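These figures come from a predicted structure and were not determined experimentally. Side chains included, hydrogens not; waters and symmetry mates left out as well; all remaining heavy atoms used.
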Amino acid sequence: MKNKNKKKTIILLCIWVVLLILIPFITLKLEDSLSSNTRSYISSEFEIEDYNVVLDVDKDNKVDVTETVTVNIPTSEYNGIYKSIPLWEEYYNKDNKKTKKKVSITNLRVIGEKFVLDKFNDKIGIRIGSTKTNVSQGLHTYTIKYRYNMGKDTNPIYDELIFNLFDNYDNTKINNMSVTVNMPKEFGNNIMFLKGNENITNNVNYQINNNSISVYIDDYLLDSSLTMNITLPDNYFVGGTYNYGILSLLICLIAIGISIGSVISWKKYNTNSTKRVETVELYAPDDLDSAQVGYIYGEDNIRKLTVSLIVSLASKGYITIEELEKKKYNIVNIGKSKNNLKKLSITEQLVYQELFKNGDSNILSEDYSFPKVFEKISVCLESVIEKKINNSGTKRIMNIISSLLVVSIILWMIAYLFIRDLDPRFEIIYIISFVAIFVTGFVSIFMNQKTDYGQIISAKVMGFRNYLMTAEKNQLDVLVEENPNYFYDILPYTYVLNISDKWISIFGKHNVPNIDINALNYYEDNLFIVMSE
């Protein structure tokens, strides 16, 4: 069991480390894909002859936007145009630090045209025109209006007005663009125009007239995104709304809470806190049979465990194994009554009864029903040993933690990629909750499920194996003098503990009463195949 649990732990740990690498990688890839689809966009199948934007700014940092777009429709095959507006404004502030804010777009509409809104969590789109009618070829002007809300000012030093004037529109050609900004009161002259993080203010033609700004943008500036950033005195804007939600925050806090709960459970229920000493065991501990010892050790091959029970029956004088010919063995009941099985363990009794259910001899290669005993042995070991060794309550807690772990991962990715309503000032919570999720994962992997008896017997089994591995021949000879059958009694256990070759080499034995060693080796290596065919 210890060996099996160790292998399982190593496998789970490797999987978890791979996930530790893959989840951030996948998340970033998805984030890049999603962010690339949230850029402002206008259909690019035609040229924009004139693009005029008017921003009427209120004192609460809300802006009434009017976009007048004159497009040159190349043919009469078009129904109209499509425009999308991102709900996250990403920009560089006056300190040249990348910043983002969640904006609110309301009352999006088109004057004098039919339109349909496409609402998403991270953008809003508007389809202008009707699928039932086409727009005539030539110049066509669309007037788009909406309310742009940057939200309540959170900067304690200064206020700012940020507006993305142009976002390349998927390389749509624009021949002429102008912007008019009407501020609610005096604002000074702290204006920047940015292409990415590059300050191009000196290259932009703009004029300030009282509380208005008129901007004229030349064609050569329209090869990438263009953002206007106006830095204003603190408290220039009054009031405003908080555009961020709490759902992502709640999910992150839940993930952190699950992690804390899992650590508390680990501290309370983990049974690995007391290290059990591997005691020296000369015989199998607690009179366990070879299959039970192998099961505790971690051997999960039921066929091999069954073989050890057959060997055990032979060493105890219940059966003999005769090799009739290659791949053909006859197992004979050598006089023991089927009712005289009190000295055998329950698993040994199962094998014995299955061997001789049709008589006192059994040619295994011809007994196609014998493999049914494998399932019986498996069920018996689980019912007799598993419940005594593993704590069902701790296992249940671990299963709950594992289930909550999966839920945490899914919800975290949804919160980070799709809900995305967390205030950027608190985005460190995404990282903290991500770390918390992996703490939960490690707890679920390393939480020991053993009972006190399970720890003790596992230590004894390992002590038994270590003794058999390290014992010198003169030490074993003393035991053989006390018990002449010691070598044969221990032989079945060496099979399931994977040290039979060393065990046989120590004694230099070539034949074991009732068992031909060569036949037995062949039986172990090959007869399973015959038995399972």
Side-chain angles (χ1 to χ4, degrees), residues 1-5 276-302 304-319 334 336-355 373 376-391 450-471 475-476 478-500 503 507 512-515 520:
M1 186 65 65
K2 181 175 181 179
N3 190 43
K4 181 167 63 177
N5 287 340
R276 303 292 181 174
V277 177
E278 295 178 359
T279 57
V280 176
E281 303 290 332
L282 308 184
Y283 288 88
D286 291 14
D287 292 326
L288 296 173
D289 66 35
S290 58
Q292 293 167 343
V293 167
Y295 187 81
I296 294 170
Y297 173 66
E299 178 58 65
D300 54 4
N301 188 332
I302 294 299
K304 184 169 186 176
L305 297 179
T306 304
V307 166
S308 74
L309 294 173
I310 295 176
V311 176
S312 180
L313 290 173
S315 68
K316 292 179 180 181
Y318 281 80
I319 66 172
I334 55 176
K336 300 287 185 177
S337 171
K338 294 181 182 179
N339 298 321
N340 187 23
L341 304 177
K342 294 182 180 179
K343 294 183 179 181
L344 298 179
S345 69
I346 185 171
T347 46
E348 288 172 331
Q349 291 180 40
L350 284 173
V351 173
Y352 184 86
Q353 291 171 350
E354 191 68 29
L355 284 171
V373 79
K376 295 180 181 179
I377 296 296
S378 178
V379 171
C380 183
L381 289 173
E382 289 182 5
S383 61
V384 174
I385 301 297
E386 182 76 18
K387 292 181 180 179
K388 293 175 65 177
I389 290 181
N390 287 329
N391 189 320
K450 286 188 175 64
T451 60
D452 287 340
Y453 174 77
Q455 294 179 73
I456 293 170
I457 197 63
S458 295
K460 285 185 176 182
V461 167
M462 292 306 297
F464 179 47
R465 184 179 189 273
N466 290 339
Y467 176 75
L468 299 179
M469 284 284 292
T470 59
Q475 296 175 298
L476 298 175
V478 174
L479 292 172
V480 172
E481 287 181 8
E482 296 175 357
N483 175 15
N485 208 52
Y486 181 75
F487 171 78
Y488 313 120
D489 290 343
I490 301 302
L491 183 61
Y493 298 96
T494 64
Y495 271 95
V496 295
L497 296 175
N498 299 319
I499 55 173
S500 57
W503 183 249
F507 280 86
V512 179
N514 301 323
I515 307 173
L520 187 58

Q | Closest non-hydrogen atom pair, Ile346 against Cys380 | A | CG2-SG, 3.5 Å
Q) Is the side chain of Ser308 donor-acceptor paired with the backbone N or O of Leu305 at a distance under 3.5 Å, no angle test? A) yes
Q. Any side-chain heavy-atom pair from Leu350 and Leu309 closer than 4.5 angstrom?
A. no
(Q) Testing the 3.5 Å rule here: is there a donor-acceptor pair between the side chains of Ser345 and Gln292? (A) no
Q) How long is the gap from OH on Tyr295 to CD1 on Ile385, to the nearest 0.5 Å? A) 8.5 Å
Q | Check: Leu288 main-chain N/O paired with Asp286 side-chain donor or acceptor under 3.5 Å | A | no
**Q.** From Leu497 atom CG to Met469 atom CE, the distance as rounded to the nearest 0.5 Å
**A.** 10.0 Å
Q.
With heavy-atom distances below 4.5 Å as the criterion, would you say the side chains of Tyr495 and Glu299 are in contact?
A. no
Q: Give a yes or no on whether Leu282 atom CG has more than 12 heavy-atom contacts from other residues, nucleotides or ligands under 6.0 Å away.
A: yes
Q: For Gly454 and Ile457, work out which heavy atoms get closest and say how close.
A: O-CG2, 3.5 Å
Q: Can you measure from CG (Leu381) to NZ (Lys376) and round to the nearest 0.5 angstrom?
A: 14.0 Å
(Q) Quick one, Ile302 and Ser378 - any side-chain contact, counting heavy atoms below 4.5 Å? (A) yes
Q. Of the non-hydrogen atoms in Val496 and Tyr297, which two are nearest, and what is the gap between them?
A. O-CD2, 3.8 Å
Q: List the steps, then state whether side-chain contact (heavy atoms from CB on, under 4.5 Å) holds for Ser312 with Lys316.
A: CA-CA 6 Å; Ser312 180; Lys316 292 179 180 181; 3.6 Å; yes
**Q.** Ile319 side, atom CD1; Leu313 side, atom CG - distance, nearest 0.5 Å
**A.** 5.0 Å
Q: Look up atom CG in Asp289 and atom OG1 in Thr347, then write down how far apart they are to the nearest 0.5 Å.
A: 3.5 Å
(Q) Tell me the closest heavy-atom pair linking Arg465 and Asn498, and the distance in Å. (A) NH2-O, 4.3 Å
(Q) Measuring from atom NZ of Lys460 to atom OH of Tyr453, what distance do you get when rounded to the nearest 0.5 angstrom? (A) 7.5 Å
Q: For this output row, return yes or no: ring centroids of Tyr283 and Tyr493 closer than 6.0 angstrom.
A: no
